[in-house]
Engineer: 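One structure, as structure tokens, below. Some questions next.
Remember, predicted model here, so these are calculated numbers, not experimental data.
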Amino acid sequence: MEKLRNMLIPKPNPQQLLRDWQRRLRQECRNIERQIRDIQREEKNVQKAIKEAAKRNDTASARALAIEIVRSRRTVNRLYENKAQLNSISMHLGESIAVARTVGHLSKSAEVMKTVNDLMKAPEMAVKMQEFSKEMIKAGVIEEMVNDAVDSALDSDDIEDEIEEEVDKVLTAIAGETVAQLPEASRKERLKQPAHVEEEGGDDEDLEELRVRLAKVRS
């Protein structure tokens with residue numbers, strides 16, 4: 001039955017297949033651009049909340065929100081890198097179209113294989129690129145790869161100290177010296193304490209909602 005279906009359904013020619021991949025890659029780039037805009041829009045709300053927390057000397061809340069900003073900016077940087085890699089794949093596929101037009105079949109591309117493999121390790125692109133890789137392997141553009149695990153160390157404990165340094169810079173840039181230049185011992189002690197509950201209530205819930213929203217748009 002499968003053989004009969006393959007005989008009845010015409011296979012796309014190499015040029016059509018490559019152009020379809022390029023179209024989907026462009027769509028992925030647009031999705032990345034949209035995600036970056038969403039992250040940056042939410043970041044503005046978080047910056048405002050940090051300033052308000054600093055004014056009421058709520059160091060724990062200010063630092064917790066600053067950590068989210070640091071993580072989000074790292075995500076944005078990775079997304080820009082992912083977009084550049086997708087554009088690189090699209091460019092190499094464009095070159096393959098010219099070759100396929102001449103020889104009548106798709107040729108393997110070491111550059112595409114390397115870039116696809118790199119993107120398969122990126123948390124934001126792993127699932128999509130696994131789909132692409134299966135299609136490209138079937139079409140003969142790349143060889144089957146032994147893919148390493150998705151890079152989950154991007155937000156691991158190993159870089160917490162590095163994140164803390166970036167947090168201090170973010171706090172200084174957003175809230176001035178109020179929070180960032182507290183003595184180190186005091187700063188660590190504040191981090192162990194929960195955010196203060198204001199008399200009017202609801203502030204903790206609002207801050208947590210901001211953190212959740214920012215985390216959601218970068219996931």
Engineer: State, with a plain yes or no, whether a side-chain heavy atom of I142 is found less than 4.5 Å away from one of S109.
Structural biologist: no
Engineer: Hey, what do you get for CD (E43) to OG (S72), rounding to the nearest 0.5 Å?
Structural biologist: 6.5 Å
Engineer: Within this structure, what is the CZ-CG distance for the pair R63 and L171, rounded to the nearest 0.5 Å?
Structural biologist: 5.5 Å
Engineer: From M120 CE over to M129 CE, what is the distance, rounded to the nearest 0.5 angstrom?
Structural biologist: 8.0 Å
Engineer: Are the side chain of T172 and the backbone N or O of D168 linked by a donor-acceptor pair below 3.5 Å?
Structural biologist: yes
Engineer: Before giving the answer on salt bridge (Lys or Arg N to Asp or Glu O under 4.0 Å), spell out for R73 and E166 the whole-Å C-alpha distance, their side-chain angles and the decisive distance to 0.1 Å.
Structural biologist: CA-CA 10 Å; R73 289 179 179 177; E166 293 182 40; over 6 Å; no
Engineer: Looking only at side chains, do Q27 and R30 share a donor and an acceptor under 3.5 Å apart?
Structural biologist: yes
Engineer: Heavy atoms only: give me the nearest A49-L65 pair and the separation to one decimal.
Structural biologist: CB-CD1, 3.7 Å
Engineer: Closest approach of A175 and A54, non-hydrogen atoms and distance?
Structural biologist: CB-CB, 3.6 Å
Engineer: Does T115 offer a backbone N or O that forms a donor-acceptor pair with the side chain of Q85 under 3.5 Å?
Structural biologist: no
Engineer: Checking salt bridge (Lys or Arg N to Asp or Glu O under 4.0 Å) against E28, which of R23, K83, K128 comes through?
Structural biologist: K128
Engineer: Identify the heavy atoms of A122 and N82 that sit nearest to each other, and give their distance.
Structural biologist: CB-OD1, 3.8 Å
Engineer: Go through the steps for N87 and L25 under the test side chain to side chain contact (heavy atoms under 4.5 Å, CB included), then give the verdict.
Structural biologist: CA-CA 8 Å; N87 284 328; L25 289 169; over 6 Å; no
Engineer: For side chain to side chain contact (heavy atoms under 4.5 Å, CB included), just list the numbers for W21 and V141, CA-CA rounded to whole Å, side-chain angles, deciding distance to a tenth of an Å, and then say yes or no.
Structural biologist: CA-CA 12 Å; W21 288 340; V141 175; 3.6 Å; yes
Engineer: Between atom CD1 of I137 and atom CD of E143, what is the distance when rounded to the nearest 0.5 Å?
Structural biologist: 9.5 Å
Engineer: So, taking the atom named CD1 in I39 and the one named CZ in R71, what distance separates them when rounded to the nearest 0.5 Å?
Structural biologist: 13.5 Å
Engineer: If we only count heavy atoms from C-beta on, is the Y80 to I36 side-chain gap below 4.5 Å?
Structural biologist: yes
Engineer: Scan side-chain atoms only and decide if R74 and N77 contain a donor-acceptor pair under the 3.5 Å cut-off.
Structural biologist: no
Engineer: Answer whether the closest heavy-atom distance between the side chains of M136 and L93 falls below 4.5 Å.
Structural biologist: yes
Engineer: Taking the side chain as everything from C-beta on, heavy atoms only, tell me whether I174 gets closer than 4.5 Å to I69.
Structural biologist: yes
Engineer: Taking only Lys NZ, Arg NE, NH1 and NH2, and the carboxylate oxygens of Asp or Glu, determine whether R24 and D20 approach each other closer than 4.0 Å.
Structural biologist: yes
Engineer: Apply the test side chain to side chain contact (heavy atoms under 4.5 Å, CB included) to residues E124 and I32: give CA-CA distance (whole Å), side-chain angles for both, the deciding distance (0.1 Å), then the verdict.
Structural biologist: CA-CA 9 Å; E124 299 85 3; I32 288 175; over 6 Å; no
Engineer: Got Q47 and V170 here, is their nearest side-chain heavy-atom distance under 4.5 Å?
Structural biologist: no
Engineer: Would you please test K114 and D118 for salt bridge (Lys or Arg N to Asp or Glu O under 4.0 Å) and show each step?
Structural biologist: CA-CA 6 Å; K114 179 181 182 305; D118 288 342; 3.1 Å; yes
Engineer: Between L86 and M125, is any pair of side-chain heavy atoms under 4.5 Å apart?
Structural biologist: yes
Engineer: Distance check, rounded to the nearest 0.5 Å: E209 atom CD versus N45 atom CG?
Structural biologist: 10.0 Å
